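On a predicted model such as this, the values are computed, not experimentally measured, just so you know.
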2 protein chains.
Amino acid sequence: MSRIDNIAEVVRFHRKEAGLTQKQLADLAGVGKTVVFDIEKGKASVRLDTLEKVLDALNLKMTVHGPLMKRENEKG
Amino acid sequence: MSRIDNIAEVVRFHRKEAGLTQKQLADLAGVGKTVVFDIEKGKASVRLDTLEKVLDALNLKMTVHGPLMKRENEKG
DNA sequence: CAGAAATTACCGCTGTAGCAGTAATCTGCT
DNA sequence: AGCAGATTACTGCTACAGCGGTAATTTCTG
């Protein structure tokens, strides 16, 4: 439900790519193993900071933008 | 801290753009006024689904991608 | 400047996210 | 097939996100 669960696939793909288990990624990101599983399961109610930690550990970025693909954020 | 707080600016900018007050946006998104304020304040520990509701109401999208700008998700 | 509207900042309450631990199921490897 | 490691799925617990209400402060408008 919602495009959020694509995050699940992206996270899983990149975790595998990095050769990490869920537990290893969890430790690396400083979160619990449960939440890594939850994210990969597509759970929508994870906290943003928790997701961010996991994305950081995988070198992934999150951006918010309008419907016209214009980039509106992005760290400087 | 972190690039998350750019979300704050994007949300606020687009809320103003849409001519909405925080309360109006909250009602429109189906969330409490408090969390709209929190998001615009840059609070990192908001829930992903809550943020998504607010972004949806503003017609904004969230994407996750690798460091090379390659788009990895995006709903079809 | 005054009054109105919006924003910021508290409050207490309720539901649940995140945690570790454990067990069961699913994988892949030889 | 048999074993090891990984994943999935629970449990109980604690901390806090999100909620509405309200008050103080800031911003807008005449």
Below the 4.0 Å mark, does [N] have OP1 or OP2 next to a side-chain nitrogen or oxygen of [X]?
{"X": "A:R12", "N": "D:dT8", "answer": "yes"}
{"X": "A:R15", "N": "D:dT7", "answer": "yes"}
{"X": "A:K16", "N": "D:dT7", "answer": "yes"}
{"X": "A:K41", "N": "D:dT8", "answer": "no"}
{"X": "A:R47", "N": "D:dA17", "answer": "yes"}

Test applied, side-chain contact (heavy atoms from CB on, under 4.5 Å); reference residue, A:L51; option that passes from A:V35, A:V31, A:I39, A:D56
A:I39

With B:L20 as partner, the option from B:V36, B:L25, B:D27 fulfilling side-chain contact (heavy atoms from CB on, under 4.5 Å) is B:L25

base_contact_polar (D:dG18 base, B:K33 side chain, donor-acceptor, <3.5 Å):
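Flag unset: no donor-acceptor pair detected.
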
Integer-rounded Å distance: D:dG18 P and B:D49 CG:
8 Å

Hey, can you pull the residues of residues 19-28 of chain A with a non-hydrogen atom under 4.0 angstrom from DNA chain D?
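Within this stretch, A:T21, A:Q22 sit under 4.0 Å of the strand.
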
Any side-chain heavy-atom pair of B:L60 and A:H65 under 4.5 Å
no

Test item: A:K33 and A:K23 side chains (from C-beta on) under 4.5 Å apart, heavy atoms
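The answer is yes, as the side chains (C-beta and beyond) meet within the 4.5 Å cut-off.
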
B:V35 or A:F37, whichever maps to the more 5' nucleotide of DNA chain D
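Going by which nucleotide is closer to the 5' end, it is A:F37.
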
Same cluster for B:L58 and B:F37 if Ile/Leu/Val/Met/Phe/Trp/Tyr side chains link at under 4.5 Å?
no

What contact category does B:T34 fall into here, base, sugar-phosphate, or nothing, at under 4.0 angstrom with non-hydrogen atoms?
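The answer is base, as B:T34 lies within the cut-off (heavy atoms under 4.0 Å) of a base atom.
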
